[in-house]
Novice: 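To start, I am sharing the structure in question, which I have written as structure tokens.
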Amino acid sequence: MEVNLRVLRNLLSKRTDEIEESVAGTGYLAKTVIGVGTFLLDNEGDLDLLTAKQRATFEKFLRPLLDKTNR
């Protein structure tokens, strides 16, 4: 999957409430998910640079929100 940086930037800057809703009750912190997203933005969306834990966070929280936007 190629990450749409425009959509990711919008998610991290204007839709953080959606991130907070998605992590509610999971034990994850919204700032952790935002941190993974920010790391991706800083590295031009290169998923190969993510650690296994970061990749799991991306797959569990960010990908569904990005996919929802791309529909």
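The model shown is predicted, which means the values in this text are computed figures rather than measured ones. The residues of the chain are indexed from 1 along the displayed sequence.
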Novice: Cut-off 3.5 Å, no hydrogens considered: what does the side-chain donor-acceptor table look like for residues 35-47, sequence neighbours left out?
Specialist:
residue : atom : partner : partner atom : Å
Thr38   : OG1  : Ile34   : O            : 2.8
Asn43   : ND2  : Phe39   : O            : 2.9
Asp46   : OD1  : Asp48   : N            : 3.0

Novice: Out of Thr26, Leu62, Leu12, which one pairs with Val33 under the side chain to side chain contact (heavy atoms under 4.5 Å, CB included) rule?
Specialist: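 Answer after filtering Thr26, Leu62, Leu12: Leu62.
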Novice: Would a 4.5 Å heavy-atom cut-off, applied to side chains only, mark Ile19 and Phe61 as touching?
Specialist: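 They are not in side-chain contact.
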Novice: Of the non-hydrogen atoms in Ala30 and Val23, which two are nearest, and what is the gap between them?
Specialist: N-CG2, 3.8 Å
Novice: Quick check: do Arg63 and Arg55 have side-chain heavy atoms less than 4.5 Å from each other?
Specialist: yes
Novice: Under the salt bridge (Lys or Arg N to Asp or Glu O under 4.0 Å) rule, what pairs show up with a residue in residues 9-18, not counting sequence neighbours?
Specialist: Arg15-Glu18, Glu18-Lys68
Novice: Can you measure from CG (Asn10) to CG (Leu65) and round to the nearest 0.5 angstrom?
Specialist: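 If I round to the nearest 0.5 Å, the distance is 11.5 Å.
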Novice: Report whether Leu29 and Phe58 are members of the same hydrophobic cluster (ILVMFWY, side-chain heavy atoms less than 4.5 Å apart, transitive linking).
Specialist: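 Leu29 and Phe58: separate clusters.
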